[in-house]
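Accompanying notes for the structure given below.
Below, all heavy atoms of this structure are taken into account, side chains as well, without hydrogens, waters or symmetry copies. Here the structure is a predicted model, which is why all the values come from computation and not from measurement.
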Protein chains: 2
Amino acid sequence: MAQSNERRTSRRDIYLRLRQMVLTLELAPGAALSENELAASLGVSRTPVRESLILLAQEGLVQVFPKIGSFVSRVDAGQVADAQFLREAVELSSLEDLPGQLDPEIVEELRNNLERQRRPGLDREEFFALDELFHRDLMRLSGHGNSWTTVAAAKGHLDRARRLGLHGHESPAVFADQHHEILAAITDGDTPGARARMRDHLRAVFNDIERIRARSPELFASDPATVPVRRNVVVWE
Amino acid sequence: MAQSNERRTSRRDIYLRLRQMVLTLELAPGAALSENELAASLGVSRTPVRESLILLAQEGLVQVFPKIGSFVSRVDAGQVADAQFLREAVELSSLEDLPGQLDPEIVEELRNNLERQRRPGLDREEFFALDELFHRDLMRLSGHGNSWTTVAAAKGHLDRARRLGLHGHESPAVFADQHHEILAAITDGDTPGARARMRDHLRAVFNDIERIRARSPELFASDPATVPVRRNVVVWE
DNA sequence: CGTGCAGTACTTGTATGGAAGCACTTGTCG
DNA sequence: CGACAAGTGCTTCCATACAAGTACTGCACG
């Protein structure tokens, strides 16, 4: 896209880096952040760090309590459900707008993507990256690629919950199969079938979450207005 | 909601104020902003102003060009269409999840709202505020009130376009009638009817935009990568 | 008169120093 | 021993100074 337009700036780097760390659970839900610490460890001043935290706070990925502290937000079950609803509504509606003739370039890309999803020895993050691209390209097929951006921004909590779900022995192969069926229905021109399979797929993803929530409740927010805990002294190394 | 939780902070005030000014067109699309000027006129330092602009930039309501300037973003036809798609998908899907027994409190609120929409002498901003609440409450009926927040955040461009559309002699009465029909279908338990009327309503809103775009093209972005113009020297007084 | 170049006035980005506030710790007094 | 209060150390917020970069302005020169 307008890649040359966006000048490289320290804030953008830090923002993307922190965001990735939160989404991949490298920064665990509930972890305490600190402008000073982050600034020191990232080698910049507090300003770009602080501005990044503010952006992440607007996305709901961190919580900032004035004069108290900043924390990686716990996975909120309500927000997960909201993101699920939003995503389902948008992705299913998008299927209704599929054109008669699919863009062969995107279809080719989707097929390549699917093949890579089946590659053995795929690690979790690689699979998630492919999954993200797959769903985005599906929406590009119907000309709603930009709306995927909004969905992607809103589903931070959902993504973290999914990563928790795949933390164990879950295999991504099941999801890859579902992806395959969805694409098959689309290329067959079977819109109702595509809708049904897409809905089943998204719900399957969602159902995993309740399972993991029962297993690791401490990563989820119990109360919408959670009380922040003071920084636990964690000596690393 | 958690009103007492959010402490009053200078940044939050400024952010909300600027956002309102952009959405109500008090700050016209394309207008040049300046951290220094805004800070001076708002009586604070650059910091909270700057942080607010960064947030608004993430919402797409302003554009910040490093070392060049900040500008109220022009209404982007693409973003308007994206917002329309998103909103339609979410609001229509929400209707599918309506419970058998509607919350009487919300229904009552919706009825009161409708009555006020018909009050003669209603000005534009009053109508928009009521419209906003009406659609939000509709989603609350199906338990998706939180998702409205996401939609509301994404439809900034759509809202500005709508305000342009109602700048002329348009009467909100037509929309109030449509609102009435939607609510009637819902309380009758006629979900398909509600869907159809809601879709017509949202499309009617959208169609107005193309009309106004033909009339005032300068407020719309011609090119996705618009070239910012240097601040025009406007001496006031 | 046209053209190029240096100067200037502005912009946002980053760094840094208090200001204000919260929570825990510790000492003191009943 | 228990309770209360001052102290300490941390946090984020805000203000401000400087750095880096852009675009316009006006003058000199061909």
Side-chain angles (χ1 to χ4, degrees), chain A residues 4-18 27 30-58 61-73 225-236, chain B residues 4-18 27 30-58 61-73 225-236:
Chain A
S4 60
N5 196 3
E6 298 166 4
R7 308 185 60 79
R8 212 196 77 73
T9 161
S10 183
R11 181 181 77 233
R12 185 150 189 84
D13 286 353
I14 304 290
Y15 166 72
L16 292 175
R17 233 166 115 180
L18 286 178
L27 288 174
L33 303 176
S34 159
E35 295 178 2
N36 278 314
E37 278 182 23
L38 290 174
S41 81
L42 295 173
V44 294
S45 85
R46 279 167 23 224
T47 304
V49 171
R50 169 178 169 75
E51 291 172 351
S52 296
L53 288 181
I54 290 175
L55 285 174
L56 292 171
Q58 178 165 268
L61 293 180
V62 313
Q63 291 175 288
V64 177
F65 298 89
K67 315 300 172 72
I68 297 181
S70 303
F71 304 84
V72 179
S73 64
T226 59
V227 213
V229 290
R230 195 62 166 175
R231 177 177 322 287
N232 294 335
V233 179
V234 175
V235 182
W236 173 37
Chain B
S4 60
N5 195 4
E6 298 168 3
R7 306 185 62 78
R8 210 196 77 73
T9 163
S10 184
R11 181 180 75 234
R12 184 151 189 85
D13 286 353
I14 305 288
Y15 165 73
L16 292 174
R17 233 166 115 180
L18 287 178
L27 287 173
L33 304 176
S34 160
E35 296 179 1
N36 278 316
E37 277 183 24
L38 290 174
S41 81
L42 295 173
V44 294
S45 87
R46 266 184 60 205
T47 304
V49 171
R50 170 179 171 74
E51 292 171 350
S52 297
L53 288 181
I54 290 175
L55 286 174
L56 292 172
Q58 179 163 272
L61 292 179
V62 314
Q63 292 175 286
V64 178
F65 298 89
K67 317 299 174 71
I68 296 181
S70 303
F71 304 85
V72 179
S73 62
T226 59
V227 207
V229 290
R230 193 64 166 174
R231 178 177 322 286
N232 294 336
V233 178
V234 176
V235 181
W236 174 35

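- In this structure, the nucleotide among C:dT11, C:dG13, D:dC13 sitting nearest to the side chain of B:Asn36 is C:dT11.
- Between C:dA15, D:dC14, C:dT12, one nucleotide has an atom nearer to the side chain of A:Val44 than all others, and that is C:dA15.
- B:Arg46 meets the side-chain hydrogen bond (donor to acceptor under 3.5 Å, both in side chains) test with B:Glu35; sequence neighbours excluded.
- The nearest pair of heavy atoms linking A:Tyr15 to A:Ser52 is N-OG, 3.3 Å.
- In the set C:dA15, C:dT11, C:dG21, C:dT11 carries the atom at the smallest distance from any side-chain atom of B:Lys67.
- Listed nucleotides: C:dT12, D:dT12, C:dA15. Nearest to the side chain of A:Glu35: D:dT12.
- With hydrogens and angles ignored, the 3.5 Å screen pairs no side-chain donor or acceptor of A:Ser70 with any backbone N or O of A:Val64.
- Rounded to whole angstrom, the span from the CD atom of B:Gln63 across to the C1' atom of C:dT11 amounts to 16 Å.
- Remark: B:Ser10 is not in phosphate contact with D:dC13, judged by side-chain N or O atoms under 4.0 Å from OP1 or OP2.
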List every contact pair, protein side and nucleotides 16-18 of chain C side both N or O, where the distance is under 3.5 Å.
from   : atom 1 : to      : atom 2 : distance (Å)
C:dG17 : O6     : A:Arg46 : NH2    : 2.5

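- Side-chain N/O atoms of A:Thr9 include none lying less than 4.0 angstrom from OP1 or OP2 on D:dA20.
- Of the two residues near DNA chain C, A:Pro48 and B:Leu53, the one whose nearest nucleotide lies more 5' is B:Leu53.
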